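These notes concern the structure reproduced below.
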Amino acid sequence: AQSVTQPDIHITVSEGASLELRCNYSYGATPYLFWYVQSPGQGLQLLLKYFSGDTLVQGIKGFEAEFKRSQSSFNLRKPSVHWSDAAEYFCAFTGGGNKLTFGTGTQLKVEL
Amino acid sequence: KAGVTQTPRYLIKTRGQQVTLSCSPISGHRSVSWYQQTPGQGLQFLFEYFSETQRNKGNFPGRFSGRQFSNSRSEMNVSTLELGDSALYLCASSLGAGGNEQFFGPGTRLTVL
């Protein structure tokens, strides 16, 4: 079955520390991969996307993600977290169309 | 360029009623998708419209329907509301039929009493 797994439901990091959010997908081919962020009561904001090419992609707000085909992963990273990064993060993929399949999300808490 | 707008932002209905939600995509975008977000089920795809045609449909009962107009604006309708329909309904717009990033609106929070 096609699916996305985000193993970590909650993550707490200290401000200034590095961050890595995990995402694994199950799909028969190379998917189109996305990371979205959602603040309370808000819609989803696109952080970055991977369609093809360079497996390390840069996004907004200092985030980056690396596509690893051998591990079926697309982990999100940030070298130094800011308090304003506290939010819920969703990994998602499509097979090429517009139907997004989302992971269950990772809630990020930032300690000052 | 204005983002995706959704109206209304909040709605309270009672069981058995019906509701219509509206979504205006980013100017020039022709694809509109709808998602339901609940604490228990997470984000689930409802359907997608492109050039006034439904291209894809998720696993929801027939009480959930939608349409798209010639100006790409979209509406979704839920008839005979159930308590479980309480959710945040998100609309996303995209330039084309696939291979493009999707931009989300702020959502409509529907509460069914």
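All figures in this text were calculated on a predicted structure; none of them were measured in a lab. Numbered from 1 within each chain, the chains take letters A, B, ... in sequence-line order.
Each ring-ring contact (aromatic ring centres under 6.0 Å, His included) pair with one or both residues in residues 77-102 of chain B, not counting sequence neighbours, would appear here, but there are none. Judged as a side-chain hydrogen bond (donor to acceptor under 3.5 Å, both in side chains), the pairs with a partner in residues 103-112 of chain A (not counting sequence neighbours) are, in order, A:Q6-A:T106.
Heavy-atom distances place no part of A:Q45 under 4.5 Å from chain B, backbone and side chain included. A:L46 touches chain B through its side chain: at least one heavy atom from C-beta onward sits under 4.5 Å away, while N, CA, C and O do not. Within the 4.5 angstrom heavy-atom criterion, atoms from both the backbone and the side chain of B:L43 approach chain A.
When the shell of 6.0 Å around CG of B:L113 is examined, it contains more than 12 heavy atoms from other residues, nucleotides or ligands.
Checked by atom type, the side-chain pair B:S33/A:N98 shows no donor-acceptor distance below 3.5 Å.
A continuous path of ILVMFWY side-chain contacts below 4.5 Å connects A:V81 to A:V37, so both sit in one hydrophobic cluster. A:F93 and A:F34 are members of different hydrophobic clusters when ILVMFWY side chains are connected at heavy-atom separations under 4.5 Å. In the hydrophobic clustering of ILVMFWY residues, with side-chain heavy atoms under 4.5 Å counting as a link, B:L88 and B:V19 come out apart. B:V4 and B:L95 fall into different hydrophobic clusters, where Ile, Leu, Val, Met, Phe, Trp and Tyr residues are linked whenever their side-chain heavy atoms come under 4.5 Å apart, directly or through other members. A:L44 and B:F103 fall into different hydrophobic clusters, where Ile, Leu, Val, Met, Phe, Trp and Tyr residues are linked whenever their side-chain heavy atoms come under 4.5 Å apart, directly or through other members.
With chain A as the partner, the residue from B:Q41, B:E101, B:Q44 showing the most heavy-atom pairs under 4.5 Å is B:E101. Ranked by heavy-atom pairs shorter than 4.5 Å toward chain A, the options B:Q6, B:Q37, B:R9, B:R109 are led by B:Q37. For chain B, the option among A:G43, A:G103, A:G95 with the highest count of heavy-atom pairs below 4.5 Å is A:G43.
Judged purely by atom type and a 3.5 angstrom limit, A:Y36 has no side-chain atom pairing as donor or acceptor with the backbone of B:F104.
Remark: A:K99 engages no residue in a salt bridge (Lys or Arg N to Asp or Glu O under 4.0 Å) (not counting sequence neighbours).
For a heavy-atom cut-off of 4.5 Å, chain A lies close to B:E48, B:N56 in residues 46-85 of chain B.
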